[in-house]
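Counting starts at 1 for both ligands and their atoms, in listed order. Heavy-atom basis, side chains included; hydrogens, waters and symmetry copies ignored.
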Amino acid sequence: MTGPFTVAIDGPAAAGKGTVGRAVAARFGFRHLDTGLLYRAVGARVLAGAEPVAAARDLTPEDLTVEGLRTQAVAQAASEVAVIPEVRAALAEFQRWFARMDGGAVLDGRDIGTVIVPDAEVKLFVTASAEVRADRRFLELSPGDPALTRAAVLADVEARDARDIGRAESPLIAAADATIIDTSCLSIEDAVEAATARVAEKLARR
Ligand code: CDP
Ligand code: CDP
């Protein structure tokens, strides 16, 4: 495909953004970026003693592959650094470059369709109830962390949602022109199908 074609996927923690994003990218041969990983990598560096803005500015590809980025502690640290405007600014340029290179790109996060790529060809807002999202995240994390409780996961998800929605800079909100996909009662296959149909429709009109 010549020219850029961006699929922006936003939504709250553990809604299925990455699952849908990876499947859409595979289906259409698009590249995929989990932008939450950038914030998690900055959060992990801060937990190791770094200053947040410096950590965001010096982030390297190796920082994205360190162990432990999927833990609850790192998720919380990520959402704490994510309120800092200079941290967001330091990560924005790479995300825009990734999104607008030639060919298709899928980016999932919180502010992709609203701030990073407001002219994205497709905008999806993937969401689900906090209870369903906490259950899904608990199922993912509990095998590796037997001490983890479902209540702790729900508390993490709710605290991050509140911080992400309430912050002044690039808050989590559905873009006015986003297609809402509520996955509370959808299988992964049905959620992927809803997203794929929207992308196919837009590609056909290109
Ligand atoms: O990227 P995000 O944090 O929004 O969520 P995810 O990592 O894609 O999905 C969180 C978990 O929910 C994964 O274990 C998915 O397999 C699961 N999931 C699901 O059970 N049903 C869906 N419709 C979507 C995701
Ligand atoms: O996988 P999950 O949805 O639980 O979280 P994530 O996408 O890895 O994001 C971790 C944290 O990074 C979020 O709670 C947000 O505070 C922040 N984030 C953000 O502010 N903007 C983005 N585009 C992506 C993540």
- Item | Atoms of ligand 1, numbered as shown, that sit under 4.0 Å from any heavy atom of Gly18 | 1 (O), 2 (P), 8 (O)

- If you measure every N/O of Pro12 against every N/O of ligand 2, is any gap under 3.5 Å? no

- Query: Can you list the atoms of ligand 2 that are under 4.0 Å from a heavy atom of Gly36?
  - Reply: 6 (P), 7 (O), 8 (O), 9 (O), 24 (C), 25 (C)

- Take atom CG in Leu69; do more than 12 heavy atoms of anything else shown fall under 6.0 Å from it? yes

- Quick look: Ala13 vs ligand 2, heavy-atom contacts under 4.0 Å, and the answer is both

- Item | Part of Arg167 within contact of ligand 2 (heavy atoms, under 4.0 Å) | side chain

- Item | Donor-acceptor under 3.5 Å (Lys202 side chain, Glu121 main chain) | yes

- Note on the structure: For Ser187, the ligand 1 atoms with a heavy-atom partner under 4.0 Å come out as 23 (N)

- Query: Hey, is Arg163 one of the residues with a heavy atom under 4.0 angstrom from ligand 2?
  - Reply: no

- Are any of the N or O atoms of Asp34 closer than 3.5 Å to those of ligand 2? no

- Item | For Ala15, the ligand 1 atoms whose distance to one of its heavy atoms is below 4.0 Å | 2 (P), 4 (O), 5 (O)

- Query: How does Leu186 reach ligand 1, by side chain, by backbone, by both or by neither, if only non-hydrogen atoms under 4.0 Å count?
  - Reply: backbone

- Message: Under 4.0 Å between a side-chain nitrogen and a carboxylate oxygen: does that hold for Glu131 and Arg150?
- Response: yes

- Is there a donor-acceptor contact under 3.5 Å from the side chain of Asp63 to the main chain of Ala41? no

- Message: Please list, in number order, the atoms of ligand 1 under 4.0 Å from a heavy atom of Thr19.
- Response: 6 (P), 8 (O), 9 (O), 15 (C)

- Message: Using the rule given for side chain to side chain contact (heavy atoms under 4.5 Å, CB included), can you reason through Arg40 versus Asp34, listing the C-alpha separation, both sets of side-chain angles and the distance that settles it, and then say yes or no?
- Response: CA-CA 10 Å; Arg40 285 175 182 260; Asp34 167 7; over 6 Å; no

- Which heavy atom of the protein is the closest neighbour of atom 17 (C) of ligand 1, given with residue, atom name and distance? Arg136 CD, 3.8 Å

- Message: Is any side-chain heavy atom of Asp161 closer than 4.5 Å to one of Pro12?
- Response: yes

- of all protein heavy atoms, closest to atom 16 (O) of ligand 1 is Ile188 CD1, 3.4 Å

- Should Val132 and Arg137 count as side-chain neighbours, where that means a heavy-atom distance under 4.5 Å? no

- Item | Sub-4.5 Å side-chain heavy-atom contact between Phe28 and Val106 | no

- Task: Would you check the N or O atoms of Gln95, main chain and side chain alike, for any that come under 3.5 Å of an N or O of ligand 2?
- Result: no

- Message: Please determine whether any non-hydrogen atom of Arg137 lies less than 4.0 Å from an atom of ligand 1.
- Response: yes

- Item | Nitrogen or oxygen atoms of Ala191 and ligand 1 under 3.5 Å apart | no

- Query: Is the backbone of Ser142 close enough, under 3.5 Å, to the side chain of Asp145 for a donor and an acceptor to pair up by distance?
  - Reply: no

- Message: For the backbone of Ile180 and the side chain of Lys123, can you confirm whether one donor and one acceptor N or O come within less than 3.5 Å of each other?
- Response: no

- Could you see which bit of Ala128 sits under 4.0 Å from ligand 1, with heavy atoms only: side chain, backbone, both or neither? neither

- Message: Among all the protein's non-hydrogen atoms, which is closest to atom 5 (O) of ligand 1, and how far away is it?
- Response: Gly16 N, 3.0 Å

- Message: I want to know if ligand 2 touches Arg40 in the polar sense, i.e. an N/O pair below 3.5 angstrom.
- Response: yes

- Decide whether an N or O pair under 3.5 Å exists between Asp164 and ligand 2. yes

- Classify the contact between Arg160 and ligand 2 as side chain, backbone, both or neither, using a heavy-atom distance cut-off of under 4.0 Å. side chain

- Query: Quick one: does Arg133's side chain have a donor or acceptor within less than 3.5 Å of a partner on Ala128's backbone?
  - Reply: yes

- Step-by-step salt bridge (charged side-chain N to carboxylate O under 4.0 Å, His left out) determination, Arg88 to Asp111: CA-CA 10 Å; Arg88 306 198 69 84; Asp111 62 341; 2.9 Å; yes

- Message: If the cut-off is 4.0 Å to any non-hydrogen atom of Thr183, which atoms of ligand 1 fall inside it?
- Response: 23 (N)

- ligand 2 versus Lys17, non-hydrogen atoms closer than 4.0 Å: side chain, backbone, both, neither? side chain

- Say whether Gly11 and ligand 1 are in contact under the criterion: heavy-atom distance to a ligand atom below 4.0 Å. no

- Heavy-atom donor-acceptor pair, Arg31 side chain to Met101 backbone, under 3.5 Å: yes

- Task: Specify side chain, backbone, both or neither for Glu140, according to which of its non-hydrogen atoms lie closer than 4.0 Å to ligand 1.
- Result: side chain

- Close-contact set for ligand 2 against Ala82 heavy atoms, below 4.0 Å: 16 (O), 17 (C), 20 (O)

- Query: So, Thr183 side chain and Ala15 main chain: donor-acceptor pair closer than 3.5 Å or not?
  - Reply: yes

